[in-house]
Amino acid sequence: MADTLRRLANSEKCRVLQDKLDNWYKDYHINSCDSNLNVCCELLELNSNVQGQLFQILSVTAREGGQYAGVETIKSRFLPWLGTCFSTSSPGSFSENSFAILNHSMQRKLSTSHERELIEVESKLSSTRIDLNSVRQELLETQMDLEDTKTKSANTLLATEEEILQLRAELRVAREKLDLKSLDSIDDYERQIRLLKDEISILSSENSILKSRLSRSRSPSPIRHSSRSSSPFTRSESPTSAKLTSASRQARLIFRFNNIFANDRLDAQTLLRRYIEDLDMVQRIIFIATVESFRAAKMAFRQFRLRVRKSLSPSQMGPESLEDAVIDYIVRNLDLFDVQSSVNEVIGAMNVNPKISFPPEVDFILISGFIREVCRVAFAMQTLDPPLDIAFTADGELFTDSKYRRTYDSEHTAPLVYYHVWPALMENDNVIVKGEAVTKRGALWSSVRSRSKSASPLRSRSASPGRNLTSRSHSPSPRRSGTPRF
């Protein structure tokens, strides 16, 4: 339609028709009758062509608007004009009749199509209402099912909660009955175990004292008695420990060191907690006992090695060096180590240690079994090549992850060591077994205050430590006995 309208606007017919009409108006009185008629017919032909194209555009435009668009315009303007154009001798009656006929036919067609479409819309609306009612019915049924499910679930949940509460109540009653029945027996067992442990510690100390006396009375003296060809330090092939390599002995000693930390240390801690309530002080005592045990064992090893070297040097022969022979003899005769003397030395050092505070009725002979085991392990570690030793420690030092582990109650952001729980085992500068330490902020000032607080009760104990040791252990001093000390 737009193309037809564009062609009509661009055509020359309208312009030619206007020009011809202007010329005819100017020449009308000059032209003859035939000329005027010819011009009029020509104008009618041009006008009919233009009207044909306009009617075509009118038809296309009406179709584009649909069935109801443009009806009022056609009724009010087009139909009256069309009636007036085809009027005859009775133009009024013809135009009214034609207009009425056309209007009636148009209204009938429009009403018929409108009724048909209205019926179709009503049928669709009724079907949609039926579908909507069915959907509503299904929704109501679904809601009812959901309510039933909720009710059943709530009842089941209430029943389950009641059963759980009932089971908890029964379990609580059963536990109370069991606790009441077992409290008395547990208390009796703990009391008996405590008494047995005390008796075992006392008997162990007495047994070790008797063994040390017996070993000193039966052990051969490393001093050469005469110019015999054979020395009393002649090596024996009986001990199996002498045949072990240094690596295997090191592995066994590391295992014993870890076992002391895991078992013997906890037993000593439990024993001390009966008399000392402060866990920090108990752990300090055990750590100081371990450090003093290593110190005493190393000193005893140096003295024992000097005696053995002095005795073996005149009779040493063969490709083996004197130092290897000395170490080999010590490894084969570890039972000659006077461990009780080292234990007494450790207890004496602990009695005068300014870092320890303890009640006057407590004697460190309670943990003599623990000290004895640490001294034996430390003495045997000196026979390795290179020897094993514990790391140097100081309260308030910088915490090192490569040497120590923090305890569970430590402040993990604190950089300084408050106190040590267990020393690190070293081989030269290499860490073999990590120790354990407690870290705390302000550790340096805390250690200074703890020293000042623990200074007064110690001086009263340090006046006569030997008296307490000899009176409780019921054994003479190793210096007074006639047996040699190794």
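Between Glu427 and Pro386 the shortest side-chain heavy-atom distance falls below 4.5 Å. A heavy-atom distance below 4.5 Å is found between the side chains of Phe379 and Ile330. With contacts defined as side-chain heavy-atom distances shorter than 4.5 Å, the pair Trp422/Val433 does not qualify. Looking only at side-chain heavy atoms (C-beta outward), Val308 and Leu306 stay at 4.5 Å or farther from each other. When side chains are defined from C-beta on, Asp267 does not count as touching Phe370, because their heavy atoms never get closer than 4.5 Å. Under the 4.5 Å side-chain criterion, counting only non-hydrogen atoms from C-beta, Gln283 is in contact with Tyr419. Contact of the Glu397 side chain with the Leu416 side chain is not registered, since no non-hydrogen atoms from C-beta on lie closer than 4.5 Å. Between Arg265 and Thr290 the shortest side-chain heavy-atom distance does not fall below 4.5 Å.
Checked by atom type, the side-chain pair Asn133/Gln137 shows no donor-acceptor distance below 3.5 Å. Inspection of the Ser410 and Thr407 side chains reveals an N or O donor paired with an N or O acceptor under 3.5 Å. Side chain to side chain, Gln382 and Arg305 fail the donor-acceptor criterion of an N or O pair below 3.5 Å.
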Below 3.5 Å, can you tabulate the donor-acceptor pairs from side chains in residues 162-172 to any protein atom, sequence neighbours excluded?
none

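Side-chain atoms of Thr383 do not come within 3.5 Å of backbone N or O of Ile327 as any donor-acceptor pair. For the pair Asn351 (side chain) and Ile347 (backbone), a donor-acceptor distance under 3.5 Å is present. The closest donor-acceptor contact from the side chain of Ser127 to the backbone of Lys124 lies under 3.5 Å.
Listed here is the closest heavy atom pair of Ile254 and Ile432: CD1-CG2, 3.3 Å. Considering every non-hydrogen atom in both Arg376 and Val339, the closest pair reads CG-CG2, 4.0 Å. In terms of heavy-atom proximity, Phe399 sits nearest to Asp401 at CE2-OD1, 2.8 Å. Listed here is the closest heavy atom pair of Met281 and Ile356: SD-CA, 3.9 Å. Between Tyr329 and Leu336, the closest heavy-atom pair is OH-CD1, 3.4 Å. Minimum heavy-atom separation, Val282 to Arg273: CG2-CD, 3.6 Å.
For the atom pair NZ (Lys150) and CG (Asn155), the distance works out to 14.0 Å, reported to the nearest 0.5 Å. Rounding to the nearest 0.5 Å places CG of Leu425 at 11.5 Å from CG of Asn430. Rounded to the nearest 0.5 Å, atoms CG (Leu312) and CZ (Arg307) are 14.0 Å apart. Distance check: Glu141 CD to Met144 CE gives 8.0 Å after rounding to the nearest 0.5 Å. Atom CG of residue Leu132 and atom CD1 of residue Ile130 lie 11.0 Å apart, to the nearest 0.5 angstrom. Here NE2 of His420 is found 5.0 Å from OG1 of Thr393. Values are rounded to the nearest 0.5 Å.
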Show your working on side-chain contact (heavy atoms from CB on, under 4.5 Å) between Arg309 and Glu323 and close with a plain yes or no.
-> CA-CA 7 Å; Arg309 184 185 293 111; Glu323 189 65 27; 2.7 Å; yes
Would you please test Arg441 and Thr413 for side-chain hydrogen bond (donor to acceptor under 3.5 Å, both in side chains) and show each step?
-> CA-CA 8 Å; Arg441 293 193 177 275; Thr413 58; 3.2 Å; yes
Residue pair Arg249, Val331: steps toward the side-chain contact (heavy atoms from CB on, under 4.5 Å) verdict = CA-CA 10 Å; Arg249 287 191 296 113; Val331 170; 3.8 Å; yes
Show the numbers, then the answer: is there a side-chain contact (heavy atoms from CB on, under 4.5 Å) between Leu388 and Met426?
-> CA-CA 6 Å; Leu388 298 180; Met426 307 288 292; over 6 Å; no
Let me see the working for Asp395 and Tyr418 under side-chain hydrogen bond (donor to acceptor under 3.5 Å, both in side chains), right down to the final yes or no.
-> CA-CA 6 Å; Asp395 291 344; Tyr418 181 43; over 6 Å; no
Candidate pair Ser342 and Phe337, rule side-chain contact (heavy atoms from CB on, under 4.5 Å), full reasoning | CA-CA 9 Å; Ser342 297; Phe337 168 48; 3.4 Å; yes
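Salt bridge Arg405/Glu436: present, at least one basic N to carboxylate O contact under 4.0 Å. Taking a cutoff of 4.0 Å between a charged side-chain nitrogen and a carboxylate oxygen, Arg295 and Glu345 qualify as a salt bridge. Asp328 and Arg332 are joined by a salt bridge, as a carboxylate oxygen and a charged side-chain nitrogen come within less than 4.0 angstrom of each other.
Of the listed residues (Asp145, Leu140, Leu146), just one forms a side-chain contact (heavy atoms from CB on, under 4.5 Å) with Gln143, and that residue is Leu140.
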